[in-house]
Amino acid sequence: MVLPVRRPEPARAALRARRLPRSFYARDALSVARDLLGKLLVHRGRGGTVAARIVEVEAYRGPEDRAAHTYGGRRTPRNEVMWEREARLYVYFVYGIHFCANVVAGGVGVPEAVLLRAAEPLAGLAIARDRRGPGARDEHLMRGPACLCKALGLDGAHNGADLLRGPLGLLDAPPVPDAEVGRGPRIGVDYAGDHAARPWRFWVSGSPAVSRPRPAPGAQVS
DNA sequence: AGGAAGATCCGCT
DNA sequence: GCGGATCTTCCTG
């Protein structure tokens, strides 16, 4: 009699990885953004755990970045978390409907962050589907910053959440090689003048979960 | 005190 | 491709 062979489940193995150390976050947002590609975002919430592989991010670089909430050194109740210690989550509300989540980079007084724009669902698919409702294909459950938050159950209550402890975490995973990294201008920041053209958006080429796989026509891609 | 715009998504045409 | 939904935040007067 042949025993049923339980093939090692890739997600389970991946979720055993350690959390990224604080030093990972204590760098400029561009480096953190690039290196976040391929890492795993995990939320152990009520109803179970949802995990995802990050495939699209954007760097927001503090006071000098016209597209950032902290442009010009503005410090407000909303963006307060960006000014504090790195390795926390900055969640804000947009368009009266959606939440977007950022990973705080830099350090105390260095208000930089990385917007999480898209991810590939890895575990907790049933929960993610339920949160998103009918209509979305699995590979699109977390395509776009607001969709990502919804599928992972992130909202304003998670603003300031520590990523080194507690139910929210970022786990280490193999780096995405340069050859597979796409780069281009950020989305939805046309108001930022010349800063809008800066190629501070990074994505994993070929991932079906990337929200906009191609850079805008004529955009500088470097 | 008021208003304008927003780091978006989805459905319809 | 376009626009509506929906409300917080911040700047101006």
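Heavy-atom basis, side chains included; hydrogens, waters and symmetry copies ignored. Within every chain, numbering begins at 1; the chains are lettered A, B, ... in the order of the sequence lines, protein sequences first and strands thereafter.
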Problem - From B/dA7, B/dC10, B/dT8, nucleotide with atom closest to A/Y60 side chain - result: B/dA7
Handout entry: C/dG1 and B/dA7, which share atom name P, separated by this distance in whole Å
Key = 23 Å
Handout entry: Interatomic distance, A/Y25 atom OH to A/L20 atom CG [nearest 0.5 angstrom]
Key = 4.5 Å
Exercise for the section: Quick one: label A/R78 by what it contacts on the DNA or RNA (base, sugar-phosphate, nothing), any heavy atom closer than 4.0 Å. Expected result: sugar-phosphate
Practice task
Give a yes/no answer on whether the side chain of A/R143 brings an N or O atom under 4.0 Å of OP1 or OP2 in B/dC9.
Solution key: no
Completion exercise
To the nearest angstrom, the NE2-P distance between A/H69 and B/dA5 comes to 16 Å
Completion exercise
Picking from B/dA7, C/dC7, B/dC9, the nucleotide nearest the side-chain atoms of A/A146 would be B/dC9
Exercise for the section: Taking only the side-chain heavy atoms of A/P145 (C-beta and beyond), determine which of B/dC9, B/dA7, C/dC10 contains the nearest atom. Expected result: B/dC9
Practice task
State plainly whether the residues A/K39 and A/D172 are in salt-bridge range, i.e. N to O under 4.0 Å.
Solution key: yes
Practice task
State the CD-CG distance between A/E56 and A/L36, to the nearest 0.5 angstrom.
Solution key: 13.0 Å
Problem - Between C1' of C/dT12 and CZ of A/R74, the distance in whole Å - result: 14 Å
Practice task
Ignoring the backbone of A/I97, work out which of B/dA7, C/dT8, C/dA5 is nearest its side chain.
Solution key: C/dA5
Problem - Pair A/H69-A/Y90, side-chain donor/acceptor within less than 3.5 Å - result: yes
Problem - Between C/dC10 (P) and A/Y71 (OH): distance, integer Å - result: 16 Å
Exercise for the section: For A/A67, answer base if it contacts any base atom (sugar-phosphate contacts may also be present), sugar-phosphate if it contacts only those atoms, and nothing otherwise; contact means non-hydrogen atoms under 4.0 Å. Expected result: base
Problem - Side chain of A/I187 (C-beta onward), nearest among B/dT8, C/dC7, B/dA7 - result: B/dT8
Practice task
To the nearest Å, give me how far apart CZ (A/F93) and C1' (B/dT8) are.
Solution key: 11 Å
Practice task
Using a cut-off of strictly less than 4.0 Å, decide whether A/R132 has a side-chain nitrogen or oxygen near OP1 or OP2 of B/dC10.
Solution key: yes
Exercise for the section: Taking only Lys NZ, Arg NE, NH1 and NH2, and the carboxylate oxygens of Asp or Glu, determine whether A/D65 and A/R198 approach each other closer than 4.0 Å. Expected result: no
Exercise for the section: Mind checking the CZ-CG spacing from A/R183 to A/D178? Nearest 0.5 Å is all I need. Expected result: 10.0 Å
Handout entry: Shortest side-chain distance from A/V94, nucleotide among B/dT8, B/dC10, C/dT8
Key = B/dT8
Handout entry: Nearest-angstrom distance from the residue atom CZ of A/F99 to C1' of C/dT9
Key = 14 Å
Fill in the blank from the handout: Pairing partner of B/dA7, by Watson-Crick or G-U wobble and under 3.5 Å for both distances, is none
Exercise for the section: Check every atom of B/dC9, B/dA7, C/dC10 against the side chain of A/H98 and return the nucleotide holding the closest atom. Expected result: B/dC9
Practice task
Figure out the CG/P separation between A/L115 and B/dG6, and round it to whole Å.
Solution key: 16 Å
Problem - Stacking of A/Y95 on C/dA5 base (centres under 5.5 Å, planes under 30°) - result: no
Problem - Rounded distance (Å) that lies between atom C1' of C/dT8 and atom CG of A/N79 - result: 14 Å
Practice task
Starting from P on C/dT9, measure out to CG on A/N159 and report it in whole angstrom.
Solution key: 10 Å
